[in-house]
Protein chains: 2
Amino acid sequence: MDLKAVRAFVAIADAGQFQKAAVDLSLTQQAVSKRIAALEKDLGVRLLVRTPRGAELTIDGQVLLPHARALLQAEERAVAAVRPGERALRVDVLGRRAATAGLVRDFHRAHPEIPLDVVTLFDADTAVTAVRDGAVDATFRAVTMPGRRLPDGIEAVPVLDEPLRLCVGPDHEFARAASVTPAQLAGQRIWMPGNAPGTEWSAYYDELAETFGPSIDTIGPNFGVEALLDTIAGSPTLATFLSERTPLVWPADHDLRLVPVCDPTPVYPHSLLWRTDNPHPGLAALRTHLLATRPRLTEGEVWKPAWATVTS
Amino acid sequence: MDLKAVRAFVAIADAGQFQKAAVDLSLTQQAVSKRIAALEKDLGVRLLVRTPRGAELTIDGQVLLPHARALLQAEERAVAAVRPGERALRVDVLGRRAATAGLVRDFHRAHPEIPLDVVTLFDADTAVTAVRDGAVDATFRAVTMPGRRLPDGIEAVPVLDEPLRLCVGPDHEFARAASVTPAQLAGQRIWMPGNAPGTEWSAYYDELAETFGPSIDTIGPNFGVEALLDTIAGSPTLATFLSERTPLVWPADHDLRLVPVCDPTPVYPHSLLWRTDNPHPGLAALRTHLLATRPRLTEGEVWKPAWATVTS
DNA sequence: TAGGGGCAACAACCTGCAGTTGTTGTTCAG
DNA sequence: CTGAACAACAACTGCAGGTTGTTGCCCCTA
């Protein structure tokens, strides 16, 4: 299917005749005629009945018309999404399964009128660079990276401290525990696949392991969260960290437990980063929304990596 | 924007490299490379970063990808809508403002899983022919047309008797009447634009005028229902017929009245027509839904044209 | 460190299609 | 009966989109 032909079809449906449609499209009548002939041959149905006074839609034409308009609209949206200037608000999230993706979803529900594009960049470094260059308008990250400082003109505000939960199967040693302490995790095997080295997730878990002693496998093949939970559910020794905010379709036949971790509670500190002089109107709305809906900090003592402390 | 290029882009995003995408598309790597180059030039942004081990999405590429998929999906739906066989259920309604359009909307709400296309054909004759030829699966019409009989193999069942309401402005003689009788309408001027001669609407109002004596203008330019209501609201003599089921955005500043017509109540008899041997699964669902939600007949005496009486 | 493999871009060529101009055939209004 | 309006048909042309052949880059391995 050729979009130029579709555009010609819609133009004729609007104009009622080939001639006028051709003028609208800055083409000759013959060119329009050919486009329609090609489209009709493509689809195998007649779309227009040619009369001496113009053209009328056949039944198939009537049926196609709204779909054709939708198609052109989809094209327009696609082009607009990457058009420099006046494009949709672009937000980078750590991962589509992470809690920040939920925050963005909430924002979209609250402000459906603001066009939104969500991307996932490789690591905080890439994300900060992208924000600085204006390639994305905002990013949810744990600031700052170890040994790094934010570039000038980039602002950050903490929006969510995400407490970790230990996810274990029914035969695990902690399956019936009301809670565990990080100290109890020393020597445990915790599996966190899908965290590429160099990302701040990986750095976070590395520091957590170094501080409290569990062995955390942040590498290894990532076959998706379903496969991960499958493995956890069947193992008496393996565990993983999950957030209670992680939007999951919990498999009904897996008897998994989410055990809180306390004294201190390891939290993953999400902040919103943006460029101070970014004039995008959606950005201000996003900041306002996030601050308004920001939950209270976790009660009790929390732990986060030293490098992740936000000054604000 | 060229759909072939978009398809190449999505193929690369899925495959991770030009080479494999080219194989998937049954093209050479060079052709795919050219398509992407053209697309990038078109959009004015770089979509892919070429690496020695394949290609990765840029930020713009990440943003475009879901839009590109949506675009291809819209194309697929458009093609499917006119593909002979296994296409969506096609229903013809008298007009998108008429009550039958509301019935179809209700059906779609009740069965969103059944793909539906709505068309509006010129008159009952065209509609019945279309049903006979299989071009549409069902039509809502007033059967039978004067002097016509339904072709063999076409079945009809009455689904709605739509009572007419007289719509008048605040200065009209009947503006404060609780109801009027058709006999009272003798000599009144009633304006029903947009009913082309030869359609059953027109035939209906002609017979109504002949039976009870009002003068009904079924011709004249149709500037849309808003313009009609505008005129009615300002005139002390003009009136029009509306159905209370007509889905309208009632203009707040127009003090229009809908006066019931009784003794007898003129009703517009909508029936569903379909081809007995049409195997479309959605058709059975539509019939079932309509019969289940069919309202009781209007109370009191009703009037309808002799030719519109349904034998069932 | 050299060599081979894998990948994408570049170059040259070729086919065909999309556009143009010119013309015909049909219908309708005056 | 004639002219105007409209769409289809015919012939020509240029370039877009494909092909094959080749280069250049990077990475892995011996």
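Atom set for the values below is all heavy atoms of this structure, side chains included, hydrogens, waters and symmetry mates excluded. Everything numeric in this text was worked out from a predicted model, so none of it was measured. Here is the naming used below: chain letters follow the sequence lines, and residue numbers restart at 1 for every chain.
Comparing A:Pro52 and A:Lys4 against DNA chain C, the residue whose closest nucleotide sits nearer the 5' end is A:Lys4. Summary of the strand contacts: B:Gln17 and A:Ala38 both lie near DNA chain C, and taking for each the nucleotide with the nearest heavy atom, the more 5' one is attributed to B:Gln17.
Atom CG of A:Leu65 sits about 11.0 Å away from atom CG of B:Asp117, to the nearest 0.5 Å. Here the straight-line distance linking atom CG of B:Leu25 with atom NZ of B:Lys20 works out to 10.0 Å at 0.5 Å rounding. Note that CD1 of A:Ile232 is 9.0 Å distant from CD1 of A:Ile190, once rounded to the nearest 0.5 Å. Of the inter-residue distances, the one linking A:Thr240 atom OG1 with A:Ile216 atom CD1 reads 9.0 Å to the nearest 0.5 angstrom. To the nearest 0.5 angstrom, B:Trp191 atom CH2 is 4.5 Å from B:Thr231 atom OG1.
When the P atom of C:dA18 is taken as reference, atom CD1 of A:Ile36 falls 13 Å away, rounded to whole Å. D:dG17 atom C1' lies 14 Å from atom CG of B:Leu25, rounded to whole Å. When the P atom of C:dA8 is taken as reference, atom NZ of B:Lys20 falls 12 Å away, rounded to whole Å. The distance from atom CZ of B:Arg46 to atom P of C:dA8 is 13 Å, rounded to the nearest whole Å. Between the CG atom of B:Leu3 and the C1' atom of D:dG17 there is a distance of 16 Å, given to the nearest Å. One interatomic measurement links the two molecules: CD of B:Gln19 to P of D:dC26, which rounds to 18 Å at whole-angstrom precision. Taking atom CZ of B:Arg35 as the reference point, atom P of C:dA8 lies 16 Å away to the nearest angstrom. A straight line from CG of A:Leu48 to P of D:dA8 spans 9 Å, rounded to a whole angstrom.
Taking a cutoff of 4.0 Å between a charged side-chain nitrogen and a carboxylate oxygen, B:Arg35 and B:Asp2 do not qualify as a salt bridge. Salt bridge present: A:Arg90 and B:Asp60 bring a charged side-chain N and a carboxylate O closer than 4.0 Å. Using a cutoff of 4.0 Å between basic side-chain nitrogens and carboxylate oxygens, A:Arg69 and A:Glu76 are not scored as salt-bridged.
Taking side-chain N and O atoms only, A:Arg53 has no distance below 4.0 Å to OP1 or OP2 of D:dA7. When the side-chain nitrogen and oxygen atoms of B:Arg50 are compared with OP1 and OP2 of D:dC26, none of them lie within a distance under 4.0 Å.
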Under a 4.0 Å heavy-atom criterion, the protein footprint on nucleotides 20-25 of chain C, written with B, S and -, is BBBB--
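In the helix from C:dT1-D:dA30 to C:dG30-D:dC1, the end axes, each obtained as the rotation axis mapping the C1' atoms of four pairs onto the next four within a five-pair block, lie 20° apart to the nearest 10 degrees.
Of the possible polar contacts, none joining the A:Thr120 side chain to the A:Leu94 backbone as a donor-acceptor pair under 3.5 Å is found.
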